[in-house]
Trainee: 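Before I ask anything, let me first share the structure, which is written out below as structure tokens.
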Amino acid sequence: MRRGRMRTVRLLRRGIGVAWWLTWTMLALFLVAVPVLTWVTGAPASTPFYDAAIWAEPLEGAEPVTARGWGDARLYGIEVNVEFTAAPQWFVVSSLAGWGVVLGLFLFFLYHLRKLAERVEAGAAFDPDNTRRLRLLGGALMATELIEGVLMWWQSHVAIRVAESTVFEFGRVYEVDPTVLFAALVLFVLAEIFQRGTLLEEDQALTV
Amino acid sequence: MPIRVRLDRLMVERGVSLTELAAAVGITLANLSILKTNKARAVRFSTLAALCEELKCQPGDLLEYVEGPEDEVDHD
């Protein structure tokens, strides 16, 4: 592999390595450091999983926004986060479990991406394991996006039953980014290309 | 693979060892062994020409078509 390309691959591998260790560090901080600090200082813990993203539309007659010299302005729908300070345990636990699955999938994705980058840097791009890894990466990416979307929908579904407002009307949020799904499909296609590459490399190795 | 390489027979007839032939032809012993044991998927014309020159034979003397099912995985 030429020197310039080696440098690019090495940079990519290091970048992925940084993301991998950063994620573990953040997880360790959240799971260990925050509870320990909370216990030591006696301060109330910040609880990001007690909140949910919901869709808010202003009630008829309510005017939450005006325009200065730009005619009338209308706020017809925004996504907001609503935080509950005393959410029931089943909501907190199930939300944590859901986000735990998402985080687990993300770590799974990073792990296999790291292995893929290491094999490419070692000059074994068409290692048969890499085809399998690309399929796993595509699957993990798709699953992460879909599970996250379902989780947000479910959290908003529960939250809108409880939240009340004199200004807004609430709705459920369901966010699945199609570009992420297309990226997953690209990974599946890449896996097929790598499989062809593996066969071509085998042919080349057995060409005398 | 329906194409068989009859290298072993020609080597015996010419009294040439695998090591000597590999050195003379300019390919590695491992590659020559792959060819001799019919594990090769393809042969370069340059390799075929070098073998024919060294063994003083025609390509048809080296290669033989044997009818029957392929014993290798179909790539498509």
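Here is how names work: the chains are called A, B, and so on, in the same order as the sequence lines, proteins then strands, and each is numbered from 1. Every value quoted in this text rests on a predicted model; they were computed, and no experiment measured them. Below, all heavy atoms of this structure are taken into account, side chains as well, without hydrogens, waters or symmetry copies.
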Trainee: Got more than 12 heavy atoms from elsewhere within 6.0 Å of CD, A/Q204?
Mentor: no
Trainee: Within the 4.5 Å heavy-atom criterion, are A/V208 and B/R44 side-chain neighbours or not?
Mentor: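 With C-beta onward as the side chain, the pair stays apart.
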Trainee: Surrounding CD of A/E169 (heavy atoms of other residues, nucleotides or ligands, distance under 6.0 Å), is the total greater than 12?
Mentor: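 Check fails, neighbour count at 12 or below.
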Trainee: Do any of residues 46-57 of chain B have a heavy atom less than 4.5 Å from a heavy atom of chain A, and if so, which, in residue order?
Mentor: B/T47
Trainee: Is the number of heavy atoms from other residues, nucleotides or ligands within 6.0 Å of CZ (A/F188) greater than 12?
Mentor: yes
Trainee: Can you confirm whether more than 12 heavy atoms, excluding those of A/R132, are under 6.0 Å from its CZ atom?
Mentor: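 Yes.
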Trainee: When rounded to the nearest 0.5 angstrom, what distance separates CD in A/E202 from CZ in B/R41?
Mentor: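 A/E202 atom CD to B/R41 atom CZ measures 5.0 Å (nearest 0.5 Å).
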